[in-house]
Amino acid sequence: MRSIRVAPVALLGAALALTVPAAIASAASSGGASSATGYTVTPSVIAPGGQVTLAARGCSATATAGSGVFDTVTIPGGGSAAATVDWDAKPGSSHEVTFICSAPPGSTAKVRLTVAAASRAPTAGSAVAPAGVRGGLGGGGPSTAELVAGTVLAVAAATGAVHMARRHGENRPR
């Protein structure tokens with residue numbers, strides 16, 4: 001009888017043990033190259049012609065970001081902006097992205113950006129992907145909302161198992 005009471009708790013523990021590491025891994029891998037000051041470049045490895053997101057979460061005022069492979073970009077306070085890497089950027093090269101915060105006393109941060117192997121430049125009239133559709137390769141992993149929803153579903157399933165186990169025990173003849 002005691003094993004029936006312990007089983008739902010073990011299931012709940014297993015569900016939580018499976019969801020927590022995924023949440024931590026997602027949070028750790030979702031950022032791209034960054035510094036401890038809140039300045040990030042996502043993704044940190046990009047093909048020529050690709051678009052990166054530059055975030056200046058560590059600056060409460062307007063910030064600028066510049067590099068040798070894209071034009072200088074203005075970033076709103078605490079926000080982010082996009083920049084397109086030059087098509088002629090050398091594959092395999094590594095570049096410094098310099099963030100400058102205009103808030104007093106002002107700060108500067110440097111983050112690394114690596115140019116990956118070149119992708120084919122788009123041509124006029126080419127609407128079909130050269131290698132076909134590559135489904136399932138997009139996205140950056142589960143979002144916080146998805147992780148919370150998954151945890152809620154796991155807890156609900158464990159709660160239902162506990163309820164059914166208790167109810168089953170009450171209906172047994174003794």
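Everything numeric here is computed off the predicted structure, so don't read it as measured data.
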S.K.: What pair of heavy atoms forms the shortest contact from A56 to A63, and how long is it?
M.R.: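 Minimum heavy-atom separation between A56 and A63: CB-CB, 3.9 Å.
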S.K.: Is it the case that the side chain of T114 and the backbone of V45 share a donor-acceptor pair, with hydrogens and angles ignored and the cut-off at 3.5 Å?
M.R.: no
S.K.: Judged by modelled atom types alone, do Y39 and S107 share a side-chain donor-acceptor pair under 3.5 Å?
M.R.: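 Note: Y39 and S107 side chains meet the donor-acceptor criterion.
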S.K.: Quick one: pull up OG in S67 and NE2 in H95 and give me the separation to the nearest 0.5 Å.
M.R.: 6.0 Å
S.K.: Nearest 0.5 Å, please: how far is OG in S80 from CD1 in I75?
M.R.: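 Reported to 0.5 Å precision, the distance equals 8.0 Å.
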S.K.: Minimum heavy-atom separation for T84 and Q51, please, with both atom names.
M.R.: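 Minimum heavy-atom separation between T84 and Q51: OG1-NE2, 3.9 Å.
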S.K.: Any non-hydrogen side-chain atom of T64 less than 4.5 Å from a side-chain atom of F99?
M.R.: no
S.K.: Do L54 and T40 have side chains that get closer than 4.5 Å, going by heavy atoms?
M.R.: no
S.K.: So which atom in K110 and which in E96 form the shortest heavy-atom distance, rounded to 0.1 Å?
M.R.: CD-OE1, 3.2 Å
S.K.: Side chains of V52 and T42, heavy atoms from C-beta outward: is any pair under 4.5 Å?
M.R.: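 Result no, sub-4.5 Å side-chain heavy-atom pair not found.
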S.K.: Taking all heavy atoms of A89 and all of P48, pick out the closest pair and write down the distance.
M.R.: O-CG, 3.5 Å
S.K.: In Å and rounded to the nearest 0.5 Å, what is the CG to CZ distance from D86 to F70?
M.R.: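 That separation rounds to 9.5 Å.
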S.K.: Looking only at non-hydrogen atoms, find the nearest pair between S102 and A61 and report the distance.
M.R.: OG-CB, 3.7 Å
S.K.: To check you understand the geometry: which heavy-atom pair defines the closest contact between L113 and P43, and what is its length?
M.R.: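 In this case the closest contact between L113 and P43 is CD1-O, 3.8 Å.
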S.K.: Are the side chains of W87 and V69 in touch, meaning some heavy atoms are under 4.5 Å apart?
M.R.: no
